[in-house]
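Below is one structure, written out as structure tokens; the observations come after it.
Residue numbers start at 1 and run along the sequence shown.
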Amino acid sequence: MTDFLFFSGSWNSALVILNMGLISAIMAIGVNIQWGFAGLFNVGIMGFTALGGLAVVLTSTPVIPAAWTSGGVSIVMALVMGAMTVVAGVMITKFMAPGKLRALVLAGMMIAGFFVYRAIFDPAVGAVEAINPALQGNIGGLGLPVLLAWPAGGLLAAGAAWLIGKTALGLRSDYLAIATLGIAEIIIAVLKNEDWLSRGVKNVVGLPRPLPYEVDLQNDPGFVESAAGFGLDPVLASTIYVKAGYALMFTAVLLALLWMAQMALKSPWGRMMRAIRDNETAAEAMGKNVTRRHLQIFVLGSAICGIAGAMMTTLDSQLTPGTYNPLRFTFLIWVMVIVGGSGNNFGAVLGGMLIWFFWIKVEPMGILLMEFVTSGMDEGSALKTHLLESASHMRLFTMGLILLLVLRFSPRGLIPEK
């Protein structure tokens with residue numbers, strides 16, 4: 001049965017594909033809300049997903065008292081100081097009359113604030129990162145239940161989206177895409193380099209999980225006895241148990257978000273958003289605040305991406321900032337939305353599940369295909385070597401081919417918007 005569904009592999013690999021497919025479907029819903037409902041071209045999905053992963057670290061990891069004693073409080077003070085400097089600059093720009101005096105006051109405020117910020121921030125960061133850097137070197141988290149990290153990931157991504165939207169949503173669609181992509185890269189750069197916050201490229205491993213670790217189940221005599229009753233090896237049984245548990249939780253989150261997205265789509269608010277998407281000028285003439293509504297839906301879609309990012313980090317049990325890249329967390333999600341059907345929530349779910357399946361399975365299938373094609377060629381054949389080496393690119397080739405075929409024969413997606 002597994003071979004029929006997944007062409008090759010075991011129930012273990014099938015559940016891995018299913019879990020990541022569910023998370024991808026949730027991310028596709030978030031992007032579909034922004035693009036399909038309001039026509040916002042957000043290319044910063046990767047950044048909001050990464051913020052969701054960071055929320056797991058900040059929410060569920062244990063508190064590190066030594067870090068807070070040595071520099072954690074000072075880091076918070078420095079960040080508050082930096083925020084106050086920015087707010088003061090905004091107030092000066094808003095209330096002072098334009099001219100040389102305003103420019104001098106603004107420049108003096110910013111320069112003084114910067115040096116005060118660095119004077120507090122740099123020593124505090126050095127002190128925190130010096131604490132057991134092999135295992136810690138960061139401020140830790142709040143030690144809360146890990147399931148709270150999922151909504152926390154949504155809130156963190158929503159907060160970042162609000163700040164970004166206040167400045168970027170006034171841009172034209174192509175400039176908005178460039179701005180969000182650049183901001184996403186900034187977020188990833190911060191996660192990679194600020195060890196005090198996320199351990200940088202050293203990663204945060206062994207994160208708390210809502211389900212037990214497999215090794216703990218394998219050492220549980222009761223679980224081992226239950227697995228033996230089903231004729232299963234404890235290692236296989238523990239893996240299936242954990243992954244199936246994640247699949248149930250992820251399905252529950254997906255169904256809840258899908259239901260809410262459908263209710264929003266059918267509501268007067270949803271009809272208003274689509275009216276704004278189709279003709280902003282006419283919507284403004286009817287008294288709608290287009291910028292405010294764009295900000296609202298930008299925050300909502302980004303929050304859903306943040307929830308998905310938190311779920312993925314919990315599934316992996318680690319935060320690895322170096323693995324976030326635009327190909328996987330931006331381009332692929334857009335392919336899911338376009339192939340599934342922009343503006344249709346069910347299409348986004350279908351696209352997420354279907355494209356993720358092909359993303360995982362096409363490469364090994366391509367290798368088998370190339371091995372079959374070149375089976376009659378000489379071992380030293382340059383063509384055979386080239387074809388076998390090219391098999392690893394089948395993944396990108398297939399994604400492009402699927403996207404091209406869908407745009408040619410079903411430009412509105414597999415499940416078009418009604």
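Within 6.0 Å of atom OH in Tyr213, more than 12 heavy atoms from other residues, nucleotides or ligands are found, so the atom counts as buried in its surroundings. Other residues, nucleotides and ligands contribute at most 12 non-hydrogen atoms within 6.0 Å of the CE atom of Met286. The local environment of NZ in Lys288 is sparse, with at most 12 non-hydrogen atoms from other residues, nucleotides or ligands closer than 6.0 Å. Met272 CE: more than 12 foreign heavy atoms inside a 6.0 Å radius. Crowding of Met96 atom CE: a count of heavy atoms from other residues, nucleotides or ligands under 6.0 Å exceeding 12.
Between atom CG of residue Asn132 and atom CD1 of residue Ile64 there is a gap of 8.5 Å, rounded to the nearest 0.5 Å. Note that CE of Met109 and CE of Met84 are 9.0 Å apart. Values are rounded to the nearest 0.5 Å. If you take CG on Leu414 and CD1 on Ile338, they are separated by 12.0 Å, rounding to the nearest 0.5 Å. Here the CG atom belonging to Leu147 is positioned 11.5 Å from the OG1 atom belonging to Thr59, to the nearest 0.5 angstrom. Note that CG of Leu217 is 8.5 Å distant from CG of Leu211, once rounded to the nearest 0.5 Å. Taken to the nearest 0.5 Å, the CD1 atom of Ile17 stands 10.0 Å off from the CG atom of Asn12.
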Check the pair Asn138, Glu194 against side-chain contact (heavy atoms from CB on, under 4.5 Å), reporting the backbone distance first and the verdict last.
-> CA-CA 9 Å; Asn138 64 320; Glu194 299 298 330; over 6 Å; no
Would you check, one step at a time, whether the test side-chain contact (heavy atoms from CB on, under 4.5 Å) holds for Leu407 with Val339?
-> CA-CA 8 Å; Leu407 291 176; Val339 170; over 6 Å; no
Yes or no on salt bridge (Lys or Arg N to Asp or Glu O under 4.0 Å) for Arg209 and Glu214, after CA distance, side-chain angles and deciding distance?
-> CA-CA 11 Å; Arg209 304 200 310 187; Glu214 289 83 351; 3.1 Å; yes
Please report the C-alpha distance between Met336 and Ser24 in whole Å, then the side-chain angles of each, then the deciding distance to 0.1 Å, and finally whether the side-chain contact (heavy atoms from CB on, under 4.5 Å) criterion is met.
-> CA-CA 8 Å; Met336 294 172 182; Ser24 298; 3.5 Å; yes
Given the rule in the salt bridge (Lys or Arg N to Asp or Glu O under 4.0 Å) test, do Arg118 and Asp122 qualify, once you have shown the distances and angles that lead to the verdict?
-> CA-CA 6 Å; Arg118 300 301 302 194; Asp122 290 347; 2.9 Å; yes
Run the ring pair (Phe, Tyr, Trp, His ring centres under 6.0 Å) check on Trp334 and Phe329 step by step: do they pass?
-> CA-CA 9 Å; Trp334 271 102; Phe329 294 101; over 10 Å; no
Apply side-chain contact (heavy atoms from CB on, under 4.5 Å) to Ile276 and Glu284, showing your working.
-> CA-CA 8 Å; Ile276 292 174; Glu284 284 182 326; over 6 Å; no
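In this structure, Asn19 contributes its side chain and Ala247 its backbone to a donor-acceptor pair below 3.5 Å. Proximity of a side-chain donor or acceptor of Thr313 to a complementary backbone N or O of Ala310 within less than 3.5 Å is not detected. Using modelled atom types, no side-chain atom of Asp316 and backbone atom of Gln318 make a donor-acceptor pair closer than 3.5 Å. For the pair Ser410 (side chain) and Val406 (backbone), a donor-acceptor distance under 3.5 Å is absent. No donor-acceptor pair closer than 3.5 Å links the side chain of Arg274 to the backbone N or O of Ala38. A donor-acceptor pair is defined here as one N or O able to donate and one able to accept, closer than 3.5 Å; such a pair exists between the side chain of Ser70 and the backbone of Ala67. Using a distance-only test at 3.5 Å, with no hydrogens or angles considered, a donor-acceptor pair links the side chain of Thr180 to the main chain of Ala177. Side chain of Arg199 to backbone of Lys192: no donor-acceptor contact under 3.5 angstrom is found. Of the possible polar contacts, one joining the Asn344 side chain to the Pro416 backbone as a donor-acceptor pair under 3.5 Å is found. Not a single donor-acceptor pair under 3.5 Å links the side chain of Asn32 to the backbone N or O of Ala28.
A side-chain donor-acceptor contact under 3.5 Å links Gln34 and Asn42. Side-chain N/O atoms of Gln218 and Ser238 include a donor and acceptor closer than 3.5 Å.
Side-chain contact between Leu142 and Leu58 is absent, with no heavy-atom pair separated by less than 4.5 Å. Counting heavy atoms from C-beta on, the side chains of Val125 and Asp195 never come closer than 4.5 Å.
Counting all heavy atoms, side chain and backbone alike, Arg277 lies closest to Phe37 at CB-O, 3.6 Å. Residues Gly72 and Val128 approach most closely at N-CG2, 3.8 Å, considering heavy atoms. Ala237 and Ala227 make their closest contact through CB-CB, 3.5 Å (heavy atoms, listed as atom of the first residue, atom of the second, distance). Contact detail for Met46 and Glu185: the closest heavy-atom pair is CE-OE2, 3.7 Å. The heavy-atom pair separating Cys305 from Val31 by the smallest distance is SG-CG2, 4.3 Å. The shortest non-hydrogen separation linking Pro210 to Met249 is CG-CE, 3.7 Å.
When each of Val362, Leu401, Ile367 is paired with Met394, the side chain to side chain contact (heavy atoms under 4.5 Å, CB included) condition holds for Val362 and for no other. No option in Leu403, Leu396, Ile402 other than Ile402 meets the side chain to side chain contact (heavy atoms under 4.5 Å, CB included) test with Met399.
The distance between the ring centers of Trp196 and Phe121 falls below 6.0 angstrom.
The ring-ring contact (aromatic ring centres under 6.0 Å, His included) analysis of residues 274-306, with sequence neighbours excluded, yields the pairs Phe48-Phe298. The side chain to side chain donor-acceptor pair (under 3.5 Å) pairs that include a residue from residues 241-264 are Gln262-Asn345, where partners are two or more places apart or lie in different chains.
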